[in-house]
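Residue numbers begin at 1 in each chain, while the letters A, B, ... track the order of the sequences.
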Amino acid sequence: MARILITSALPYINGIKHLGNLVGSMLPADVYARFQRQRGNDVLYICATDEHGTPAELAARDARQTVQQYCAEQYEIQAGAGEAFGLSFDHFGRSSNPPNHRLTQHFAAVLEDRGLIEERVDKQIYSIDDQRFLPDRYVEGICPHCEYEKARGDQCDNCGRLIDPIELKEPYSKISGSRNVEVRETRHLYLLQAQMQDRIARWVESKTEWPQLTKSIAKKWLKEGLRDRSITRDLVWGIPVAKDGAKRPGFENKVFYVWFDAPIEYIGATEEWALANNENWERWWRTDKGAADVKYVQVMGKDNVAFHTVSFPATILGSEEPWKTVDALKSLNWLTWYGGKFSTSENRGIFMDQALEILPPDYWRWHLMANAPESDDASFTLEHFASVVNKDLADVLGNFVNRITRFCNARFGDAVPEAGDYGEAEQNLITELDKRMADYAGYLEEMEFRKAFAELRAIWVAGNEYLQIAAPWTSIKTDEARAAASVRCALNLIVLFAALSRPVIPFTADKMFAIFGLDPVEASRWPTRAASALSRFKGGEAFTLPKVLFAKIEDEQVDEWRKRFGAE
RNA sequence: GGCGGGGUAGCUCAGUUGGUGAGAGCGCAGGAUUCAUAACCCUGAGGUCGGCGGUUCAAAUCCGCCCCCCGCUACCA
């Protein structure tokens with residue numbers, strides 16, 4: 001039994017996530033976690049909200065709440081949406097919780113002991129009216145190079161050149177619009193990443209199983225040379241900067257930078273899980289305390305790759321402590337909304353709560369995973385969504401379950417028929433299924449989701465092909481035993497399909513088990529041999545005629561949703 | 001600007017250690033069937049593999065140049 005630690009990139013706290021965020025990290029991680037659990041592996045799937053930083057403070061202010069209230073509320077919303085989508089976190093924590101505070105202080109202290117942290121003084125734009133230092137992208141002004149009037153503090157959208165915000169002419173706050181700003185000096189802690197260049201490069205080289213996208217991003221950063229990074233900010237909401245158990249002199253009004261503490265929350269959330277479940281978190285994270293045999297899998301959008309392959313490892317490796325580091329790293333591209341960006345402010349796209357107002361989670365889970373943005377950005381359209389749902393779920397899978405249970409009910413009654421033996425048709429089916437099941441499991445193991453679910457769909461299709469060949473509605477006229485065996489085989493297929501489908505459509509899988517009154521946990525143990533799966537029911541097992549599993553999406557619904565969600 | 005990813009049938013995408021007549025799903029057309037959510041099953045039509053040039057007996061695949069889309073570029077996270 002393998003031990004597998006899975007983390008998905010932490011969703012930021014400022015509002016409920018859209019379908020692109022969902023498919024970019026949490027959903028693929030969930031599918032993988034479910035698959036590994038069904039195989040009998042010891043899985044720990046950890047996620048949390050990422051709560052610190054300027055956007056959280058500003059969002060709280062816009063909501064007229066304290067940032068604590070705001071985050072507490074948003075945490076509940078995100079946790080609820082995740083649960084409603086069937087995201088099977090073993091723990092969904094908060095980066096603002098005590099374990100992360102403790103661990104972040106620990107890493108900062110250890111890194112300082114190792115000589116990897118030093119204080120430096122920066123010049124930054126301070127907004128007097130906003131009473132805060134402005135992060136680069138919250139300052140706008142006239143570009144010093146091309147005179148463009150709305151250049152951002154980090155980069156000019158007109159000439160594309162990188163800018164230091166203190167160079168901007170006539171700078172103003174993007175938060176309030178105020179021009180009452182000035183350059184002030186501010187002291188920060190710097191993580192001396194440049195010193196760790198070789199160590200991280202060697203570590204990246206050792207990661208032979210990373211996919212190409214992941215490795216090329218890491219190498220690109222290394223090639224340019226790691227730069228020292230400031231890891232503190234002038235904010236009130238965050239983890240205070242301590243020294244020897246008290247506030248660090250000169251840092252009384254500062255906190256750690258969100259990108260420093262957020263990845264540490266992977267560990268912090270595991271500690272939260274351990275505290276809540278009387279478990280031991282170190283056996284998942286400390287190679288000296290039992291984590292040496294853990295396989296650690298991270299899932300994230302491509303924007304996060306650099307932070308997970310370089311920045312966070314700098315923290316971990318720099319400590320020189322025996323922390324578990326990532327083994328497999330799955331990165332996904334973006335899901336776009338009709339080719340453009342999902343946008344909260346412009347009401348474009350579908351967010352997790354809205355999605356579930358329209359349709360149950362499995363509809364979304366299937367479409368998102370079967371069309372996951374793996375090789376490139378992928379476009380979400382309602383038309384494509386409706387087509388995929390109707391064809392794959394309603395016609396191929398749902399109709400299979402419906403046609404055979406109804407036929408059995410009409411001709412043999414409410415129990416699996418017992419007569420007859422399997423013959424050539426069943427043997428051919430078993431041969432095909434064995435091949436496809438092995439391929440399917442292989443793709444899931446590699447986290448090649450599009451290929452995996454194309455294979456799963458082909459498995460469902462094989463069920464329909466089998467029925468077409470066996471044609472019990474014909475054979476029953478001349479050979480009732482033959483028809484009975486065919487129906488028994490097809491009913492067994494329902495259970496096999498449910499087990500194989502459960503990682504991606506768990507709610508439907510459990511409905512399929514419920515047809516036969518099966519316990520989902522027992523029945524979903526990962527099937528590896530079609531022959532044994534198809535001999536589960538010998539005959540006589542009672543079943544309940546199910547309702548239709550998937551309703552088709554009508555054109556009128558698509559039209560309505562297009563208007564509601566701003567499709568172009 | 002730099003770096004990375006992508007441009008293959010109407011649509012969404014597989015396919016690169018160069019070579020068996022270029023694939024899948026959807027959509028479309030025809031057929032078969034009637035157990036089923038007008039579903040399922042079978043067959044078929046559809047592509048100068050972004051453009052130009054080169055290497056080679058042979059290129060979607062290798063090299064060069066060009067065009068287009070997307071992302072990242074370290075203080076949004």
*When all nucleic acid strands are considered with a 4.0 Å heavy-atom cut-off, which category describes A/Asp50: base, sugar-phosphate, or nothing?*
sugar-phosphate
_Spacing of CD1 belonging to A/Ile166 relative to CZ belonging to A/Arg184, to within rounding of 0.5 Å_ = 15.0 Å
_Closest to the A/Asn399 side chain, choosing from B/A39, B/A77, B/A74_ = B/A39
*Tell me what A/Leu549 touches on the nucleic acid: a base, only sugar-phosphate, or nothing, going by heavy atoms under 4.0 Å.*
base
*Could you please name the option among B/C42, B/U37, B/C40 that lies closest to any side-chain atom of A/Gln468?*
B/C40
*Rounded to whole angstroms, how far apart are CD on A/Glu140 and C1' on B/C75?*
15 Å
*Would you kindly give the CD-to-C1' distance between A/Glu554 and B/U37, to the nearest whole Å?*
10 Å
*Just how far, in rounded Å, is C1' of B/A74 from CG of A/Asn304?*
13 Å
*Of the candidate nucleotides B/C41, B/A36, B/A39, which contains the atom at the shortest distance from the side chain of A/Asn464?*
B/C41
*Between B/C42, B/U37, B/C76, which nucleotide gets closest to the side-chain atoms of A/Asp136?*
B/C76
*So do A/Ile494 and A/Phe543 actually touch side chain to side chain, heavy atoms under 4.5 Å?*
no
*Distance between P atoms of B/G7 and B/G51 (Å, rounded)*: 13 Å
*Check every strand shown and say whether A/Phe550 touches a base, only sugar-phosphate, or nothing at a heavy-atom separation below 4.0 Å.*
base
*If anything within 90° of 0 is syn and all else is anti, what is B/G46?*
syn
*Base-pairing mate for B/A45 - Watson-Crick or G-U, with both contacts under 3.5 Å*: none
_Using a 4.0 Å heavy-atom cut-off, does A/Ala378 contact any base of the nucleic acid, only the sugar-phosphate backbone, or nothing at all?_
sugar-phosphate
*Are more than 12 heavy atoms from other residues, nucleotides or ligands located less than 6.0 Å from atom NZ of A/Lys254?*
yes
*Whole-angstrom distance between B/G18 and B/C57, as gauged at atom C1'*: 12 Å
*Mind calculating the distance between CZ (A/Arg132) and P (B/C76) to the nearest angstrom?*
14 Å
*For A/Trp259, which contact category applies under a 4.0 Å heavy-atom criterion: base, sugar-phosphate, or nothing?*
base
_Has A/Gln78 got a side-chain atom pairing as donor or acceptor with A/Gly15's backbone, closer than 3.5 angstrom?_
yes
_Whether A/Phe407 stacks on the six-membered ring of B/C35 base, 5.5 Å and 30° limits_ = no
*Contact nearer the 5' end of RNA chain B, comparing A/Leu10 with A/Ile404*: A/Ile404
*Contact class for A/Gly225 (heavy atom, under 4.0 Å): base, sugar-phosphate, or nothing?*
base
*Closest-nucleotide 5' rank along RNA chain B - winner of A/Asp376 and A/Ser379*: A/Asp376
*With C1' as the reference atom in both, quote the distance from B/G21 to B/C70 in angstrom, rounded to an integer.*
35 Å
*Using both distances under 3.5 Å as the test, list the Watson-Crick or G-U wobble partner of B/U73, or none.*
B/G1
*B/A22 versus B/C63 - spacing of their C1' atoms, nearest Å*: 23 Å
*C1' spacing across the pair B/G6 / B/U20, given as an integer number of angstrom*: 29 Å
_Interatomic spacing from NZ in A/Lys330 to CE in A/Met447 - rounded to 0.5 Å_ = 7.0 Å
*Of the nucleotides B/C75, B/U12, B/G27, which one has an atom closest to the side chain of A/Arg233?*
B/C75
*asked:* Whole angstroms only, please: what is the CD-P distance between A/Glu455 and B/A24?
replied: 14 Å
*Touch check for A/Val461, heavy atoms < 4.0 angstrom, all strands: base, sugar-phosphate only, or nothing?*
sugar-phosphate
*Could you give the distance from CG (A/Leu500) to CG (A/Leu444), rounded to the nearest 0.5 Å?*
9.5 Å
*Return the value, rounded to whole Å, for the distance between atom CG of A/Asp303 and atom C1' of B/G71.*
9 Å
*Proximal nucleotide (of B/C76, B/C35, B/U12) relative to the A/Trp473 side chain*: B/C35
*OP1, OP2 of B/A74 versus side-chain N and O of A/Tyr257: anything below 4.0 Å?*
no
*Give a yes or no on whether a donor-acceptor pair under 3.5 Å exists between the nucleobase atoms of B/C75, that is its base, and the side chain of A/Gln124.*
yes
_Pair assignment for B/G64, Watson-Crick or G-U wobble, requiring both distances under 3.5 Å_ = B/C52
*Is the shortest side-chain N/O distance from A/Arg403 to OP1 or OP2 of B/U34 below 4.0 Å?*
no
*From the list B/A77, B/C42, B/C26, which nucleotide is the closest neighbour of the side chain of A/Thr54?*
B/A77
*May I ask which nucleotide in the shown strands pairs with B/U12, Watson-Crick or G-U wobble, both distances under 3.5 Å?*
B/A24
*Are A/Phe342 and A/Trp334 close enough that their ring centres sit under 6.0 Å apart?*
no
*Kindly indicate, with the supporting measurements, whether the criterion salt bridge (charged side-chain N to carboxylate O under 4.0 Å, His left out) is fulfilled by A/Glu432 and A/Arg436.*
CA-CA 6 Å; A/Glu432 178 179 357; A/Arg436 291 196 180 279; 2.8 Å; yes
*Side chain of A/Glu465 only, please: which of B/C42, B/C75, B/A77 is the nearest?*
B/C42
*Starting at atom CD of A/Glu374, determine the distance to atom P of B/A14, rounded to an integer number of angstrom.*
8 Å
*Any donor-acceptor pair under 3.5 Å from A/Arg229 side chain to A/Leu191 backbone*: no
*Using Watson-Crick or G-U wobble geometry with both distances below 3.5 Å, tell me the partner of B/U17, or none.*
none
_Below 4.0 Å: OP1/OP2 of B/A39 and any side-chain N or O of A/Lys552_ = yes
*C1' atom, B/A45 versus B/C28: distance in rounded Å?*
9 Å
*Using atom types as modelled and distance alone, determine if a side-chain donor or acceptor of A/Asn100 lies under 3.5 Å from a backbone N or O of A/Glu265.*
yes
_Rounded P spacing from B/G15 to B/A24 in Å_ = 15 Å
_Would you say A/Lys451 places a side-chain N or O within less than 4.0 Å of OP1 or OP2 belonging to B/A24?_
no
*From B/U37, B/C76, B/A77, nucleotide with atom closest to A/Val258 side chain*: B/A77
*A/Leu467 CG - B/C41 P separation (whole Å)*: 10 Å
*Taking atom C1' in both B/G10 and B/G46, what distance in whole Å separates the two?*
9 Å
*When you measure from the side chain of A/Asp377, which nucleotide among B/C70, B/A74, B/U37 comes out closest?*
B/C70
*Please work out if A/Asp122 contacts a base, only the sugar-phosphate, or nothing of the nucleic acid, heavy-atom cut-off 4.0 Å.*
base
*asked:* With a 4.0 Å limit, can you tell me whether A/Arg406 has a side-chain N or O closer than that to the phosphate oxygens OP1/OP2 of B/U37?
replied: yes
*B/C75 phosphate, OP1 or OP2: any side-chain N/O from A/Arg229 under 4.0 angstrom?*
yes
*Paired with B/C40 by Watson-Crick or G-U wobble geometry, both distances under 3.5 Å: which nucleotide is it?*
none
